[in-house]
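Quick notes on the structure that follows.
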6 protein chains.
Amino acid sequence: MRPSGRAAGELRPVSIQRHYTKHAEGSVLIAYGDTQVLCTASVEERVPPWLRGQGRGWVTAEYGMLPRATHTRGDREAARGRQQGRTVEIQRLIGRSLRAATDLEALGERRIVVDCDVLQADGGTRTAAITGGYVALVDAAARLQASRTLRSSPLHGQIASVSVGVYRGEPVLDLDYAEDSEAETDMNVVMNDAGGFVEVQGTAEGHAFRRSELDAMLELAESGVGRLLAAQREALG
Amino acid sequence: MRPSGRAAGELRPVSIQRHYTKHAEGSVLIAYGDTQVLCTASVEERVPPWLRGQGRGWVTAEYGMLPRATHTRGDREAARGRQQGRTVEIQRLIGRSLRAATDLEALGERRIVVDCDVLQADGGTRTAAITGGYVALVDAAARLQASRTLRSSPLHGQIASVSVGVYRGEPVLDLDYAEDSEAETDMNVVMNDAGGFVEVQGTAEGHAFRRSELDAMLELAESGVGRLLAAQREALG
Amino acid sequence: MRPSGRAAGELRPVSIQRHYTKHAEGSVLIAYGDTQVLCTASVEERVPPWLRGQGRGWVTAEYGMLPRATHTRGDREAARGRQQGRTVEIQRLIGRSLRAATDLEALGERRIVVDCDVLQADGGTRTAAITGGYVALVDAAARLQASRTLRSSPLHGQIASVSVGVYRGEPVLDLDYAEDSEAETDMNVVMNDAGGFVEVQGTAEGHAFRRSELDAMLELAESGVGRLLAAQREALG
Amino acid sequence: MRPSGRAAGELRPVSIQRHYTKHAEGSVLIAYGDTQVLCTASVEERVPPWLRGQGRGWVTAEYGMLPRATHTRGDREAARGRQQGRTVEIQRLIGRSLRAATDLEALGERRIVVDCDVLQADGGTRTAAITGGYVALVDAAARLQASRTLRSSPLHGQIASVSVGVYRGEPVLDLDYAEDSEAETDMNVVMNDAGGFVEVQGTAEGHAFRRSELDAMLELAESGVGRLLAAQREALG
Amino acid sequence: MRPSGRAAGELRPVSIQRHYTKHAEGSVLIAYGDTQVLCTASVEERVPPWLRGQGRGWVTAEYGMLPRATHTRGDREAARGRQQGRTVEIQRLIGRSLRAATDLEALGERRIVVDCDVLQADGGTRTAAITGGYVALVDAAARLQASRTLRSSPLHGQIASVSVGVYRGEPVLDLDYAEDSEAETDMNVVMNDAGGFVEVQGTAEGHAFRRSELDAMLELAESGVGRLLAAQREALG
Amino acid sequence: MRPSGRAAGELRPVSIQRHYTKHAEGSVLIAYGDTQVLCTASVEERVPPWLRGQGRGWVTAEYGMLPRATHTRGDREAARGRQQGRTVEIQRLIGRSLRAATDLEALGERRIVVDCDVLQADGGTRTAAITGGYVALVDAAARLQASRTLRSSPLHGQIASVSVGVYRGEPVLDLDYAEDSEAETDMNVVMNDAGGFVEVQGTAEGHAFRRSELDAMLELAESGVGRLLAAQREALG
């Protein structure tokens with residue numbers, strides 16, 4: 001039995017709220033149950049120095065957690081003067097995932113920064129950030145088309161993400177904090193709408209996982225991502 | 001005429017939403033019009049090193065702005081590895097203001113950290129942070145009483161804050177971004193419910209302000225803070 | 001009775017020594033009693049990146065305290081790798097104040113940096129820094145005229161600053177360390193020679209101050225600044 | 001055809017040289033072809049603050065690349081004052097992998113730090129670091145037994161790692177730099193000697209990978225890790 | 001001919017002003033011609049962590065240059081967040097030199113920090129800092145005796161320093177900036193009053209120096225240090 | 001008697017291995033006994049900003065110690081975010097020494113960075129780094145000639161370095177760790193093949209050294225450097 005009473009293959013309630021704040025080209029508040037992440041996509045008419053003059057754009061992500069998004073308060077990274085290893089790892093994952101959905105040539109020499117800030121954490125913040133960040137990216141791309149900056153969308157394919165794991169010996173989908181802190185294995189999966197894998201990051205916390213467990217987790221992930229892709233499409237109308 | 005059509009002494013609509021996130025002892029989303037600040041108060045059972053063994057507690061504040069809370073995206077301070085001068089200045093102001101409402105002896109050897117994170121900025125973020133932070137502080141103090149950690153509230157007096165300024169020659173209350181970026185003078189005023197001044201920080205952006213203008217601004221501030229104190233009381237039931 | 005035996009409205013002896021060091025375009029050692037601040041103004045033929053190509057100049061300030069300027073030695077900020085919040089707050093105040101006296105268009109695309117380094121601290125270092133920094137700025141501007149770089153002075157108006165406070169219930173002028181560390185209220189006031197206010201920064205350390213106390217402090221400040229402006233004029237011959 | 005002429009499932013020549021430097025409790029130079037990593041294991045009789053008094057130990061890893069280990073010189077991270085995101089990500093992976101082979105209770109309140117410094121890079125540095133770091137860890141554990149500090153080895157299970165990827169449409173094992181920089185998919189796999197997965201980190205660089213490709217890569221990895229485990233056993237005598 | 005018209009073996013005028021600022025246990029303004037360094041010695045009743053419980057004290061130095069001590073303004077190290085390599089090198093030299101004159105056991109578990117801040121630079125700042133720092137150290141030690149904290153002085157031997165170099169082919173003593181910036185060889189020599197060498201740091205800027213030049217420079221240094229030791233004794237009365 | 005049984009004027013066995021790693025233009029593993037330093041020289045077709053457009057090149061050095069090169073593990077400087085004072089001091093010394101052998105005009109607008117990373121430390125790492133770094137520099141310069149980038153070598157003169165000291169009252173050559181940690185005086189000497197001194201850095205650890213001791217140490221250094229220059233020539237064929 002899962003602490004939340006959910007079935008093994010059951011997602012938490014997902015909500016995707018667009019236009020959550022008013023300044024960003026894309027602004028989405030996504031919730032996977034009690035996990036809430038604000039994802040904004042900002043278009044900048046310049047690229048990083050190492051990309052200048054190549055006619056290609058860039059999509060990058062930054063991730064942050066409000067100090068009291070968690071059970072006990074964490075240090076504010078800006079005050080400590082350093083991002084934690086975990087933060088760096090997560091924002092690199094989000095950035096790679098969103099670039100996998102983007103035609104950087106079609107984007108042209110501009111950069112889209114997707115900021116993912118966790119307002120409330122209850123497990124799965126990085127997967128929610130990817131799913132919500134994709135929606136914010138779509139809205140930002142639509143703005144570029146609306147303003148006639150781009151003729152067509154630079155996005156090819158749709159991207160969403162979910163976590164899977166082995167909790168008390170059972171493969172389960174979309175772990176919340178209660179499960180996550182106790183899981184033997186934790187895996188984050190990013191997929192596209194063609195059923196292709198963009199990222200697979202599995203870690204054995206307790207004992208190593210067998211190939212059969214890996215297969216079971218991948219199947220849960222495939223089904224979960226399918227429902228998240230649908231939720232994105234519904235939100236985008 | 002003000003860009004928003006407000007009268008000179010008119011506040012923007014104020015909303016104070018308690019229990020906005022679930023982990024913090026106090027969690028308040030405050031809005032002054034389009035300015036939205038999430039204020040959480042976290043109780044920690046320890047004090048900074050320089051205060052140990054003195055039987056007194058501490059209240060401090062940290063301030064942050066989500067990178068795309070503003071018209072154009074600002075650098076993430078955690079990524080740059082340094083808080084800006086403006087941030088440091090603001091969080092010191094908030095901390096001093098909230099300590100002015102707190103009996104640190106009565107608090108005992110514990111620390112309350114009030115995190116003020118701006119989700120959306122439209123002028124007056126520091127004043128909203130103080131007004132909202134006070135409500136979060138009240139909720140955190142109530143928790144300490146509810147858990148029998150403290151017998152009575154360590155808060156004496158109520159604190160709220162508003163900005164005033166001279167816009168196109170006229171003293172006005174509660175400047176929004178359109179006014180703020182153009183104002184000749186900008187003053188942040190923090191007051192308590194006994195009508196006393198806790199902080200007065202006035203800056204001439206364009207020309208120096210005359211004593212008569214200062215007096216007019218102080219009167220607007222007194223009236224504005226009065227209404228904000230009422231809004232706090234209403235929110236706190 | 002004040003610890004120093006001064007009357008409530010009495011300044012400490014002020015001395016302003018120009019050409020204190022030989023390299024800087026303006027170099028002033030200012031003393032308010034035992035508080036000694038070395039203020040140098042350096043002209044640079046470039047502006048910060050965000051100001052390039054606009055035909056305007058910039059005036060900025062940096063503030064530092066020698067580690068043993070104070071009763072007990074403080075950390076050297078360069079060794080700690082970070083300026084303290086207090087330092088940042090003060091140098092921003094000095095910079096804003098000096099810019100209020102400068103016509104940045106008339107200055108042209110160049111930058112003047114006013115470094116204010118406290119050799120000995122006994123209260124009021126930031127106000128002495130502003131008053132002394134102004135004199136250094138005048139000397140630097142005179143150099144630009146002498147070298148025919150500028151035809152007329154980019155300075156309009158004269159700027160000086162003093163602290164006021166409520167000490168043992170009495171409003172007093174120009175607090176020294178003994179008073180400052182015990183004052184209920186501390187306010188730094190920057191004014192120009194037309195009697196206008198450039199900055200007013202008042203903080204209640206103990207109890208909030210009443211409007212009548214604020215008025216009394218402002219009057220002391222007006223009279224004190226008047227005498228400081230006269231001392232500047234005398235020093236400048 | 002692979003640039004090196006290797007078959008799809010062929011490893012580069014592996015060499016594992018123990019006692020490479022003299023001070024460390026474990027010191028191993030491992031080579032996967034032209035990739036050379038020096039792995040040292042250092043025993044410290046203390047644990048991180050958050051682990052004190054719990055009777056458990058800790059294993060952690062740090063990763064570095066000599067500036068000219070690569071084709072073009074990279075910045076020295078110590079001089080820049082910051083580890084890159086990639087470095088942080090890698091050292092976290094190595095640390096988690098090695099902890100998966102260690103009984104932290106059996107280790108007692110001490111810490112083993114495994115430093116992995118790349119002397120020469122030609123692809124697969126993180127996988128070589130894990131395989132070599134494990135051998136260094138074994139030697140350090142043996143020292144603790146030899147000195148009667150521990151009665152039995154705190155290591156349960158053996159750990160090795162290899163990369164797999166899709167290069168020009170074909171799944172291949174143990175990518176070198178020429179392949180890695182061009183691969184469509186890159187996956188690092190860490191396994192133990194019971195055939196269990198400890199870490200699986202796959203990234204689609206070009207197009208998303210299908211489930212069948214994932215399966216083919218996992219099979220290559222299983223076979224490659226088997227040979228690396230054998231090489232470790234041979235080196236350990 | 002030297003730019004200053006001095007003879008090869010002639011020092012610049014030396015002045016040593018004790019009790020320059022009022023808070024420090026030792027406070028000395030030393031001038032070697034136009035080079036002016038403020039040296040303060042601060043006694044702290046604690047030692048660095050690595051020295052605790054050993055019954056020995058420590059003497060250390062920190063060095064700084066006011067930003068406009070030089071011809072053109074240098075960055076403020078506190079603002080840049082990092083001390084320059086040159087600063088680090090110099091403060092280590094000063095610290096080692098002053099420790100060479102101190103019996104650390106006799107000092108007991110306390111630390112004396114000698115801060116050397118350059119108010120005006122014209123060559124030879126590090127040598128002036130050592131010579132002036134020694135006098136500040138004597139005054140601080142005397143305070144410890146006066147307060148009966150120590151029965152006798154922890155200082156054994158007297159320390160002074162001067163630079164020598166080869167300028168336009170001629171060995172010269174006590175280089176000023178005009179010479180220093182053009183010298184072929186620059187050597188800083190620290191000696192004690194028994195004629196022993198504490199530090200010798202010679203650098204060939206242009207061509208390597210011959211043994212005969214080294215000998216000539218050492219002789220100039222011996223004679224110069226002799227006169228500086230006398231100046232210290234005179235200042236100390 | 002020296003701990004190693006060496007005679008006072010005896011060097012440790014020296015080995016110089018060229019082409020140690022494959023990417024760098026020059027790559028040398030040098031050993032002075034158990035001290036092993038990897039020196040790589042990297043050619044970059046650009047110069048630091050302050051040197052642009054002057055037609056001159058630059059040679060610089062960076063120094064690092066692998067964390068477990070020493071008896072007890074030291075912090076990784078990249079992880080601490082700061083190079084230690086000792087590191088900074090050493091890399092400045094290496095850079096100055098190698099520039100003394102280079103005609104920077106002849107090098108043209110390019111930079112050679114010599115990275116010296118200590119794999120194993122047993123005293124004398126900085127002197128081995130200079131001697132080995134010179135050989136790496138020669139190889140890098142030869143590459144520039146081989147590729148017809150330069151017509152002739154920009155190196156004039158040959159450079160090598162050794163330490164000398166006073167150990168238990170006797171001047172000795174090439175101190176190892178056992179001697180170094182106990183020596184009364186430690187001096188690093190850098191010389192060229194014309195018998196000129198490039199750097200002389202002597203420090204009295206215990207008592208100040210007499211002129212006669214200085215002379216004896218210089219003679220040992222001259223003889224030691226002579227043999228090191230021969231070893232370099234032999235390695236370079």
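The analysis underlying the following values was restricted to heavy atoms, covering all of them including side chains, and did not include hydrogens, waters or symmetry mates. Note that the structure is predicted; figures quoted are calculated from it, not measured.
For A/Glu25, the parts lying near chain B are the backbone and the side chain together; criterion is any non-hydrogen pair under 4.5 Å. In this structure, the portion of A/Thr70 lying under 4.5 Å from any heavy atom of chain B is its backbone and not its side chain. Heavy atoms closer than 4.5 Å to chain B are found in both the backbone and the side chain of A/Asp115. Heavy atoms of A/Thr40 lying under 4.5 Å from chain B belong exclusively to its side chain. Both the backbone and the side chain of B/Leu119 have a heavy atom closer than 4.5 Å to some heavy atom of chain A. Contact annotation for A/Gln91: neither backbone nor side-chain heavy atoms come within less than 4.5 Å of a heavy atom of chain B. Heavy-atom distances place no part of B/Val88 under 4.5 Å from chain A, backbone and side chain included.
Within 6.0 Å of CD on A/Glu234 lie no more than 12 heavy atoms contributed by other residues, nucleotides or ligands. Heavy atoms of other residues, nucleotides or ligands lying less than 6.0 angstrom from CZ of A/Arg46 number 12 at most.
For the pair A/Leu66/B/Thr21, no side-chain contact is recorded, criterion being any heavy-atom separation below 4.5 Å from C-beta on. Using a 4.5 Å heavy-atom threshold, the side chains of B/Asp117 and A/Arg76 count as touching.
Contact count versus chain B (heavy atoms, under 4.5 Å) is highest, among A/Gln36, A/Gln83, A/Arg73, for A/Arg73. Taking A/Gly64, A/Gly81, A/Ala78 one by one and counting their heavy-atom pairs under 4.5 Å with chain B, the maximum is reached by A/Ala78. In terms of non-hydrogen atom pairs under 4.5 Å with chain B, the most contact-rich of A/Ala79, A/Ala121, A/Ala69 is A/Ala79.
Closest non-hydrogen pair, B/Val43 versus A/Arg68, comes out as N-NH1, 4.4 Å.
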Show, in sequence, the C-alpha distance, side-chain angles and deciding distance for A/Asp34 and B/His23, and conclude whether the side-chain contact (heavy atoms from CB on, under 4.5 Å) test is met. CA-CA 11 Å; A/Asp34 277 344; B/His23 299 304; over 6 Å; no
